[in-house]
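First up is the structure itself, then whatever we jot down about it.
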Amino acid sequence: MAGSNVCWGIEMGFGAIKALKLELEDGETKVVDYAVVNHAKVLSTPELDQDDAMRVALGTLASQKDFSGARVSISLPGHQSFARFAKLPPVEPKKVPSIVQFEAAQQIPFPLEEVEWDFQTFVSPDSPDIEVGIFAVTRERINSRLDMLGDVGIVPDWATISPVAAYNALAVDLGFTEDTPGTIILDIGTVSTDLIIAEAGRVWVRTFPIGGHQFTEALVSAFKISYSKAEKLKREAEQTKHAKHVFQAMRPVFGDLAQEVQRSIGFYQSVHPDADLKRLIGLGSTFKLPGLRKYLKQQLQLDVYRIEQFKKLELDGPQGGEFQAASLNLTTAYGCALQALGTAPLRANLMPVPVLREAMWKRKVPYFAAGAGLAAAAAGAMFIRPLLDSSAYQGAEKPPVIQRVVSEAGRLTRDAEEAGVTSDVQNDLRAAQIVGLLEGRALYASVLEDVAHLVESTNRAAGEAAGGDERLAELLESGPAIGLTALQTEYAAGGGGAADTDDGFGGRNPRAAAADTGPAVPPEVAGKRHIKVVGQFDVAAPNLGRFMLDVVEPRLRELNRDGLPYEIVIGVQPWVGGAAETTTGRPVGQAYTRNTNRGNVGRPAQPRPSNRPGVTGSMNPGQIAPLPPIPPAREGVTPVTITWYLVLDRTEEGGDA
């Protein structure tokens, strides 16, 4: 079995293959060996067979280094993989995987059965939100890489994407913590650039198609030379007598690169308004271009650094100086090796499960052989006694008491049938229906997905509407337009329409009675098995009624979509703004409800009359003994209670429910 304390990290880049071998000893990471195998031509060279060139370089690497007895971790280029990020609704940790799988199906532009994917959650100490990073690669892409490696006898145990590996390397080497200043990692590769933002305990990744190839193409176009000559001119730009003209030719690409970085930073800060980014760290050979650091510093107004050497890694001996000089290009391989050692903060593994299972079984074969020998010896010793016991059992007579008990049971059964107590009995299936909900407990995950969809689409629509509403734009500067604060679900067994108000035992259901102040049950819901969903939201809008009607309600009614295990039904009056008291017991100000006359939107809601003797209004404690409203989280925010129903007895087309 490969030693878990000795690992190789391999980056199969377009300019070269980089490999780094690390050993974990007494908690310290040491460099054992490294290699940089340059391609004869960069793989972005026109009309070059990239696969053949990669196989040649891998063969050279395998002939120079010994990969036996060590675990291997590889990276996949950022532009050939996917990194997506999303915020999750507040759920229990055990429900996170099911929510993430739904997000993955939405975010990854391929069917999940055609990709290998994994995820990592991030929690900021200053925020209750849970963020998730979803990382994926198509199976065709990773299987192609594994075939190339297998041809030269290298069998990886781990696979990740390059930006994740680059982050792992710097996070460990520079000692990133939740208090580390907001850092942008810019890894400029041959054909693309990976931008990684590490800030407040979370990570965000974007890859865009600008790299060394674009700089080379600019020289080809400006000087009318071949691609190979332009590549050489780019590397020797500082020494050539035409340096000024070279940099002028590449200047448009400098501008494109800075613009993409600014766009990435702007998007990140729009999602995380509290982000405080202080510095940029550059990686990759292209980052050696003279003047690039100075240009980015001027354009981005950030401190810009370049990795010259690692702080926690060094190689003793004559190769020490060469290793430090190669540090700029070994960062990704460093991160891969750390992941295989188990010391990396991000551990998303994209290796296909069948490959991992096959490798695991191969490693266990020697142990199985030894175990089989021991089992055979133990079986021989244990075989005789069971055989004797079986013979004794077959020859034994049944005790008379057994026959007496069987006869008595038959007599009691016949008496019960004659008395009619075993037939024509109306079954009470309510308890069974409630227990049956346990089999559909995934329904709650679907409810959370509905809520997340409602919040996300509403905030997106509010952002678009803010362009023509200055007051709304001001409110959105301090937070989202809508956010969930509480969620309650209530199951109704259905059957005759009485389930919503009766407890099934001749009495009034107290929870249903307390809910009389909310929206009435729609006719298409009454009498059917359903779940009532009551969500409490904080809504920021200068005109609550118009915002709810024009922005929130349309999104609420769009929740019905293909693939749901239920039908979502929205009542005529689904929301109450500033409800006097919600299910959480949170008293707030005056209630506002929807009125079918749009001219009356925003008028105070009138209490609904009760049909119980001696009771007026809605039995709302906030109306009996008014309490001062709880101050909202921020100015302009109003608590709103929204109610909808999930009908479990779906109506089939052309038939009855």
Side-chain angles (χ1 to χ4, degrees), residues 1-4 6-22 32-81 114-118 135-162 164-165 189-192 326 329-330 332-337 339-340 348-366:
M1 183 174 179
S4 59
V6 180
C7 301
W8 276 99
I10 301 176
E11 178 192 6
M12 302 165 64
F14 272 52
I17 294 180
K18 284 84 73 173
L20 182 63
K21 186 177 184 180
L22 300 182
V32 179
D33 200 358
Y34 82 99
V36 177
V37 179
N38 293 311
H39 297 296
K41 294 182 179 180
V42 293
L43 301 191
S44 57
T45 302
E47 300 180 0
L48 178 69
D49 191 320
Q50 296 181 0
D51 288 348
D52 285 348
M54 184 68 75
R55 293 178 188 277
V56 170
L58 284 173
T60 303
L61 176 67
S63 65
Q64 293 177 353
K65 304 297 179 182
D66 181 13
F67 291 90
S68 62
R71 291 188 179 274
V72 177
S73 176
I74 65 171
S75 68
L76 303 163
H79 69 281
Q80 295 180 351
S81 52
E114 296 180 9
V115 300
E116 298 293 340
W117 67 280
D118 203 348
F135 311 104
V137 64
T138 62
R139 289 181 176 173
E140 180 183 4
R141 181 76 63 182
I142 191 170
N143 286 335
S144 174
R145 290 298 175 103
L146 294 177
D147 289 343
M148 291 182 186
L149 290 163
D151 290 342
V152 296
I154 300 175
V155 181
D157 301 272
W158 290 82
T160 190
I161 64 176
S162 294
V164 169
T190 303
V191 296
S192 64
N329 295 320
L330 289 172
T332 301
Y334 182 9
C336 289
Q339 187 168 2
N349 188 8
L350 303 182
M351 281 291 293
V353 173
V355 176
L356 289 176
R357 187 182 294 115
E358 182 180 357
M360 180 186 68
W361 281 103
K362 286 182 179 179
R363 289 170 179 164
K364 292 182 180 295
V365 166

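Quick caveat, the model's predicted, so the values are computed rather than measured.
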Heavy-atom side-chain contact between V6 and K21 under 4.5 Å: yes

Under 3.5 Å donor-acceptor, S63 side chain and G59 backbone: yes

P77 side chain reached by V191 side chain, heavy atoms, under 4.5 Å: no

S81 versus L76, closest heavy-atom pair with distance: OG-O, 4.2 Å

Atom pair CE (M148) and CG (D52), whose distance is rounded to the nearest 0.5 Å: 8.5 Å

Derivation and outcome, side chain to side chain contact (heavy atoms under 4.5 Å, CB included), residues V115 and L350: CA-CA 9 Å; V115 300; L350 303 182; over 6 Å; no

Full working for side chain to side chain contact (heavy atoms under 4.5 Å, CB included) between L58 and I17: CA-CA 7 Å; L58 284 173; I17 294 180; 3.5 Å; yes

Carboxylate-amine/guanidinium contact E116 R139, below 4.0 Å: yes

Residue that, paired with I74, satisfies side-chain contact (heavy atoms from CB on, under 4.5 Å) out of T332, I154, L149: L149

Side-chain touch L48/L43, heavy atoms, less than 4.5 angstrom: yes

ring-ring contact (aromatic ring centres under 6.0 Å, His included): pairs with one or both residues in residues 38-61, sequence neighbours excluded: none

Test item: D157 and N349 side chains (from C-beta on) under 4.5 Å apart, heavy atoms: no

Where at least one partner belongs to residues 42-76, residue pairs that pass ring-ring contact (aromatic ring centres under 6.0 Å, His included), sequence neighbours excluded: W8-F67

Pair F14-Q50, side chain to side chain contact (heavy atoms under 4.5 Å, CB included): steps then yes or no: CA-CA 9 Å; F14 272 52; Q50 296 181 0; 3.9 Å; yes

Non-hydrogen atoms of I10 and A19 that approach each other most closely: CG1-CB, 4.2 Å

E11/N329 under side chain to side chain contact (heavy atoms under 4.5 Å, CB included): CA gap, chis, key distance, verdict: CA-CA 10 Å; E11 178 192 6; N329 295 320; over 6 Å; no

Exercise: identify the closest heavy-atom pair between L146 and M351: CD2-SD, 3.9 Å

Nearest atoms (heavy-atom pairs only) where A35 meets L330: O-CD2, 4.4 Å

Straight-line distance of R145 CZ to M12 CE, nearest 0.5 Å: 4.5 Å

Side chain to side chain contact (heavy atoms under 4.5 Å, CB included) against T160, all qualifying residues, sequence neighbours excluded: V164, A165, C336, Q339

Nearest heavy atoms of V152 and A62, plus distance in Å: O-CB, 3.7 Å

A16 to N38 - nearest heavy-atom pair and separation: CB-OD1, 3.3 Å

